[in-house]
Amino acid sequence: MKNEYFVEVTDTFGGEANYAWVHRFRVLASTERGAMRKVATRFGYGPTTKDYDTGDIQRWVWKNACLCAFVERYDNQAEHVRSVESI
């Protein structure tokens with residue numbers, strides 16, 4: 001069964017999320033890892049690894065770029081964000 005995930009990708013500074021720019025995605029995938037594979041393919045910076053998981057939200061980082069992504073289940077609260085691209 002496919003689930004919807006909300007993924008925010010942003011730049012990092014000193015290893016922390018910087019939000020100088022941000023891309024937001026609504027991704028249909030079976031797992032969080034599947035959602036990140038789709039987003040990583042879209043960006044083309046190589047593989048990602050899970051940095052931490054709180055149970056509600058996960059942080060993923062790229063090995064070859066100063067980027068991080070936050071993945072969580074998509075709900076209607078994410079609708080207030082204007083620019084969400086579907087993958």
Side-chain angles (χ1 to χ4, degrees):
M1 182 175 155
K2 300 267 183 172
N3 298 310
E4 286 184 306
Y5 295 98
F6 181 66
V7 181
E8 279 187 329
V9 179
T10 188
D11 63 318
T12 60
F13 183 76
E16 297 298 322
N18 192 29
Y19 285 94
W21 57 265
V22 63
H23 291 279
R24 294 179 175 95
F25 299 99
R26 180 179 178 179
V27 183
L28 190 64
S30 298
T31 63
E32 291 89 349
R33 178 73 184 147
M36 275 308 301
R37 283 185 182 170
K38 289 183 177 185
V39 171
T41 300
R42 177 70 163 247
F43 276 85
Y45 289 117
T48 59
T49 58
K50 188 170 19 173
D51 193 26
Y52 69 81
D53 184 353
T54 65
D56 293 330
I57 193 166
Q58 296 177 354
R59 181 177 187 235
W60 294 74
V61 294
W62 273 262
K63 294 180 179 181
N64 302 330
C66 294
L67 301 174
C68 70
F70 296 97
V71 180
E72 60 185 311
R73 287 283 182 125
Y74 191 89
D75 57 9
N76 291 335
Q77 294 172 342
E79 292 293 334
H80 70 280
V81 179
R82 284 185 272 158
S83 58
V84 176
E85 184 179 344
S86 293
I87 296 181

Task: Partner residues of Gln58 under the side-chain hydrogen bond (donor to acceptor under 3.5 Å, both in side chains) criterion, sequence neighbours left out - done: Asp53, Trp60
- [ ] Could you tell me which non-hydrogen atom of Val61 sits nearest to which non-hydrogen atom of Cys68, and how far apart they are?
- [x] CG1-CB, 4.1 Å
Open item on the list: If hydrophobic clusters are built from ILVMFWY residues whose side chains come within less than 4.5 Å, do Val27 and Val22 share one?
Closed with: no
TODO: For Ser30, enumerate each residue passing the side-chain contact (heavy atoms from CB on, under 4.5 Å) test, keeping only those at least two apart in sequence or located in another chain.
DONE: Lys2
Task: Partner residues of Tyr19 under the side-chain hydrogen bond (donor to acceptor under 3.5 Å, both in side chains) criterion, sequence neighbours left out - done: Glu8
Task: Rounded distance (nearest 0.5 Å) linking atom CZ of Phe6 with atom CZ of Arg73 - done: 15.0 Å
TODO: Can you sort out the partners of Arg59 under salt bridge (charged side-chain N to carboxylate O under 4.0 Å, His left out), two or more places apart, ordered by chain and number?
DONE: Asp51
- [ ] List the atom of Ala29, the atom of Tyr5, and the distance in Å for their closest heavy-atom pair.
- [x] O-CE1, 3.5 Å
Task: Ala69 versus Val9, closest heavy-atom pair with distance - done: CB-CG2, 3.9 Å
- [ ] Just jot down the salt bridge (charged side-chain N to carboxylate O under 4.0 Å, His left out) partners of Asp11, sequence neighbours excluded, or say none.
- [x] none
Open item on the list: According to a hydrophobic-cluster definition based on side-chain heavy atoms being under 4.5 Å apart (Ile, Leu, Val, Met, Phe, Trp, Tyr only), do Val7 and Leu28 belong together?
Closed with: no
Task: Sequence-distant partners of Phe25, ring-ring contact (aromatic ring centres under 6.0 Å, His included), two or more places apart - done: Phe43
Open item on the list: Which residues pass the side-chain contact (heavy atoms from CB on, under 4.5 Å) test with Ala40, not counting sequence neighbours?
Closed with: Thr48, Trp62
TODO: Can you measure from NZ (Lys50) to CE (Met36) and round to the nearest 0.5 angstrom?
DONE: 11.5 Å
Open item on the list: So does Trp21 get a backbone contact from the side chain of Thr10, meaning a donor-acceptor N/O pair under 3.5 Å?
Closed with: yes
Task: side-chain contact (heavy atoms from CB on, under 4.5 Å) involving Thr54 - partner list, sequence neighbours excluded - done: Tyr52, Asp56, Ile57
